[in-house]
Each structure stands twice: as structure tokens, then as C-alpha cells.
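I have placed the structure first, in the form of C-alpha cells, so that the comments after it can refer back to it.
Here the structure is a predicted model, which is why all the values come from computation and not from measurement. Basis for what follows: all heavy atoms, side chains included, without hydrogens, waters or symmetry-related copies.
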Amino acid sequence: MERKVYLTCEDFKSQNIELKTNLPFSEKIDILSEPKKVGNKIVPNRLVCQAMEGCDGTKEGSPDELTKRRYSRFAKGGAGMIWFEATAVLEEGRANPRQLYITENNLDDFKREVAEIKETSLKANGYEPIIVMQATHSGRYSKPQGVPAPLIAYNNPIFEKDNPISSDRIVTDDYLDRVGEALVKGATLAEKAGFDGVDIKCCHRYLNSELLSAFERDGRYGGSLENRTRLLRESVKGAIESCGKDFIVSSRLNVYDGFEYPYGFGVKKDGGLEFDTTEPLWLIKELYSYGVRLLNITMGNPYFNPHVNRPFAKGGYEVAEHPLEGVARVLEGTKKLKEMVPEMDIICSAVSFLGVAAPHVVASYIQDGKFDFAGFGRTIFAYPDFAKDIINNKEMDRKKVCICCSKCTEIMRTPGGTPGCVIRDKEVFMPIYKKQCGGEK
């Protein structure tokens, strides 16, 4: 069966029927242009630039030239919300030597970047986007000097197999206490820099996310659900208590890992891989009780099972399921959670494979109250002005859509790679791709 991004809505409709994925479709997409209040802030429309890391900051952690270029393009593109990429809060928790890293010493650099994004959008679109900074510790994917330096919650045989990571790389409870303090500090720095909110990142198997499945870990951060969610919950609480009442405190939250128990979150204990809402639902309700009003929902691990969270037309391995089935898993799982906690505003993920059908599918969900915002990830590398076309032209341009070829990921996985769209932003990123990945493929 053909596995290509949908360049016509008719192609999507036909395959949606054939695969029995039953994704909804609306001809009317005006709701995507409507503003939405989140806490005490107004988001100008329902379209979100997801956090797409460029690995292109300075060695000190400040935005560099490619970083500034990327956010200028996003700002002009018209999305109502920009989820600013993974920004480390501890040096040893950086995923690469050029990952952004916010400190007191470079705070002014972040202030200038936020101000530039808002000013650029205001000039181009007539409104400022809501900008949320993703505060992170990369955990097992830490590589601050360019070589792996993992800091893990526990050894996972699905990843390590017969070669476990040295036990001295398993972080202590005392270290996790310090990570929590650093995440709260990162939130306060984000507010000082002018961001509208902070995301206490808890997804894609970075440290906070890995703890969610630390069923067999001892101590205050393992075993029980309360313990496994402690770092996220206490960091969120601390950020809410330390920042102003208008500041958004949120999380990009993995609700399903795609691994069996006891190594995956969001599954039953029977060894199956079906998404189970029980623990994610408890966590979402807890976060709401603290004052969280917005969550950015995702699934899977982009390093290990990327077909779960970013279904691809071409990737590093063959997948038994069709990419549209992967899209349906994420969207329908997000819908289930929204139905159970309707008071929480929810951003969806995993829609790039839908191509030109994406606005019609997400508009249908939003119209029916099944989530509130549509998050676009890989699309924004390829098509930074996607939101402007959706809002003004009521459609996406088939010549601009992301084709989900995974070349941006190929670049990111190489030492020193600075990812972007090799196909749609060829002048800048084709030379990088050739240098990093050995040529056009």
C-alpha cells in the first residue's frame, strides 16, 4: 500500500476508508483561525509550531545565526503559538554541544530573541504569538561534549539489551532533587526572558519522561505512580509558585511510550502494547489541580520507535503498520484524554504525514471539542508559513508540505548536525545534508 504524504484530500479520503482509520474530515476549517484563551492569555489562532530543535546554538547555549533565521521564519509564518525548542537547564543535560541552554549569563540573548520573534510576527501578521520555552534535561540522550554521556533513571533492556549502561550513570534521588530545582529555575529565567510560558518537558524518553516508567526503580522517584511522576509534578508546582499568575506552566507530555510494561508508560501490565489511559489520566488531573491549563500531548520515542510519534513515508526501518494508522493512534488517544478531562486545553501532535489534509482533519477534531490546538512539527521546517496559508487561503500548498522523508532526522543524528528541511529549504540544508550524511539519497 502506498506510503506517501497526502498531496490531495481525495487521496487521504480514499486511504482513510481503505485502512478503516476513520479519521474525521471537515471541509470547513475556519475554526483554526479563531483565538482561544489559555489561562489569562489569548492565543491568536489554533495553529502551533511544535518544538523543533535545530542543534545550532552557540557553545554557551545562546541562539546563533541559524537559530535566529529559523524563528524569524516561524514568526512570519503566522502560527498563534510557538513552542520554543528544547532548552537545557543544566550543562550536563544538554543533548548536544549546541543545544540551547538558558542561564543568568546569557539571559539577555534570550530576551532579544523573544522580542525579535514577537516584533517580527506583529509586523507580518498583526499579532504576537504566545511563546512557550521547553525546559529540558536530556537524560539518557545527554551529549554535552558531543559524545554520549547518558544519565538514566534505570537500565532498560529494550534499549540496552545485553549491554547495560554503567550503574554509576543511574541518577540518584539527590541528583533528581537538583534537576527539579534547575527546572524551576529555568522557568523563572524563561519568564524573565519574556516567554509567555514554560514547558517542563516530559516526553520522548528524556529524563523526566523516562521516570514515568521507572516501575522497578527504588527510592522516592520509582515504583509507585506518585513517585514516578514526582519530578514532573514537583517541578510544575515549583514553577507555578515561582512565576507570575499570567505565566503559562505546561508540559509536552508523553502519555504512551509504545513499550510493554514495566518499561513503558501508558500500557497495561498484561504485556500488551495497547494505549491505556489510566495512569496518564491520573497525572493530567493532578496537573490540572495544581493550576496547569494547557498540555501538549505526544507519544513514542523519536530515537527508537519514531513511527509512533512522527509517522514517516521513509525512515530508518520498515514498519508493519501504515503511517496513517500511526497518526490515528496519536489523534484518537489524544481525543480520549480530552473527553476525560475536557477542562484541560490540549495540543495534538503527529499530523505532518496528513499533508494537505491536515487542516481538515484537525479542524474536525477541534470543532467537536476533541482537542483545542493543532501542533505541527516537521512541517514547520519545510513550510514555516503553513499557518498563514491555512488562515488566508483555507488550504495548504502541496508544493510546500513536508514529505516525511526523515532527512532532517538523519542530519540531527550525526555529530554536529544542524537539521532543517533538505527538500524545501534546499539552499541552506542540502549542503549540510551532503556534508553530514554523505550526499543526496
Side-chain angles (χ1 to χ4, degrees), residues 24 26 31-48 50-51 79-81 83 129-132 134 187 191 195-203 208-209 212 225-226 228-230 232-256 265-266 275-299 329-351 361-375:
S26 174
I31 195 165
L32 301 179
S33 305
E34 294 182 4
K36 176 83 168 66
K37 188 174 183 181
V38 174
N40 293 320
K41 295 184 182 291
I42 302 293
V43 185
N45 57 59
R46 305 302 186 91
L47 300 167
V48 180
Q50 291 283 28
M81 189 180 300
W83 213 264
I130 296 299
I131 312 175
V132 177
Q134 190 170 71
E191 185 177 33
F195 288 98
D196 298 289
V198 69
D199 157 20
I200 305 297
K201 185 176 184 179
C202 189
C203 64
N208 221 328
S209 173
L212 297 182
L225 179 56
E226 291 84 353
R228 288 181 281 116
T229 60
R230 185 181 303 279
L232 174 61
R233 291 186 300 102
E234 293 189 351
S235 301
V236 165
K237 272 186 179 179
I240 290 172
E241 291 167 359
S242 301
C243 298
K245 63 180 179 62
D246 293 337
F247 191 68
I248 296 169
V249 177
S250 180
S251 183
R252 180 126 161 90
L253 179 64
N254 242 68
V255 295
Y256 170 77
F265 184 64
F275 175 41
D276 179 50
T277 62
T278 306
E279 291 196 339
L281 178 62
W282 179 88
L283 177 56
I284 290 170
K285 287 182 175 179
E286 281 292 298
L287 295 176
Y288 189 87
S289 74
Y290 302 162
V292 175
R293 294 296 179 264
L294 175 71
L295 287 175
N296 193 336
I297 299 299
T298 184
M299 296 182 177
R329 181 194 298 111
V330 177
L331 295 185
E332 286 296 296
T334 303
K335 168 187 167 182
K336 282 183 183 179
L337 293 169
K338 176 67 178 180
E339 288 174 341
M340 295 173 179
V341 194
E343 59 272 25
M344 181 72 81
D345 287 326
I346 298 288
I347 302 169
C348 78
S349 301
V351 300
V361 173
V362 297
S364 183
Y365 278 104
I366 293 172
Q367 286 163 5
D368 291 343
K370 304 309 181 186
F371 47 75
D372 305 277
F373 297 93

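- Atom NZ of K245 and atom CG of N40 lie 5.5 Å apart (nearest 0.5 Å).
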- request: Give the C-alpha distance, both sets of side-chain angles, the deciding distance and a yes or no for side-chain contact (heavy atoms from CB on, under 4.5 Å) between F265 and L225.
  value: CA-CA 10 Å; F265 184 64; L225 179 56; 4.3 Å; yes
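- Put simply, the side chain of R228 gets close to the backbone of L212: a donor and an acceptor are under 3.5 Å apart.
- The two residues L232 and N208 make their nearest non-hydrogen contact at N-OD1, 3.2 Å.
- Separation of atoms CD (E343) and NZ (K285) is listed at 8.0 Å; rounding is to 0.5 Å.
- Using modelled atom types, one side-chain atom of D199 and one backbone atom of R252 make a donor-acceptor pair closer than 3.5 Å.
- V43 approaches G80 most closely through the heavy-atom pair CG1-O, 3.5 Å.
- Rounding to the nearest 0.5 angstrom, the gap separating the CG atom in L283 from the CG atom in N254 is 11.5 Å.
- A distance-only check finds a donor-acceptor pair linking the side chain of S251 to the backbone of I200 [under 3.5 Å].
- Within the 3.5 Å criterion, the main-chain N or O of I131 finds a donor-acceptor partner in the side chain of D196.
- The shortest non-hydrogen separation linking C203 to T298 is CB-CG2, 3.6 Å.
- The NZ atom of K36 sits 3.5 Å away from the CG atom of D345 when rounded to the nearest 0.5 Å.
- Here the rule is side-chain contact (heavy atoms from CB on, under 4.5 Å) with I284, and of M340, M344, E279 only M344 fits it.
- Between the side chains of S26 and Q367, a donor-acceptor pair is found at a separation under 3.5 Å.
- Put simply, the residue from K338, K335, R293 that forms a salt bridge (Lys or Arg N to Asp or Glu O under 4.0 Å) with D372 is K338.
- Among all heavy-atom pairs drawn from Q50 and C348, the shortest one is NE2-O, 3.2 Å.
- Taking 4.5 Å as the limit, some side-chain heavy atom of I346 sits within range of a side-chain heavy atom of T334.
- With sequence neighbours left out, E234 forms a side-chain contact (heavy atoms from CB on, under 4.5 Å) with Y221, R230.
- At least one donor-acceptor pair closer than 3.5 Å links the side chain of N45 to the backbone N or O of L47.
- In this structure, OH in Y256 is found 15.0 Å from CD1 in I297, a value given to the nearest 0.5 Å.
- Under the side-chain contact (heavy atoms from CB on, under 4.5 Å) criterion, E226 pairs with S224, R233, W282, sequence neighbours left out.
- With values rounded to the nearest 0.5 angstrom, F373 atom CZ is found 4.5 Å from M81 atom CE.
- Side chain of E191 to main chain of G244: a donor-acceptor pair is present (N/O by atom type, distance under 3.5 Å, no hydrogens or angles).
- Shown here for P280 and L337, the closest heavy-atom pair between the two residues is CB-CD2, 4.4 Å.
- The shortest non-hydrogen separation linking Y290 to V236 is CD1-CG1, 4.4 Å.
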- prompt: Please walk me through it: do L331 and V351 pass side-chain contact (heavy atoms from CB on, under 4.5 Å)?
  reply: CA-CA 8 Å; L331 295 185; V351 300; 4.0 Å; yes
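- Ring geometry, Y365 versus F371: the interplanar angle falls under 30°, so the pair is classed parallel (tilted spans 30 to 60°).
- Without hydrogens or angle criteria, S250 side chain to L294 main chain gives a donor-acceptor distance under 3.5 Å.
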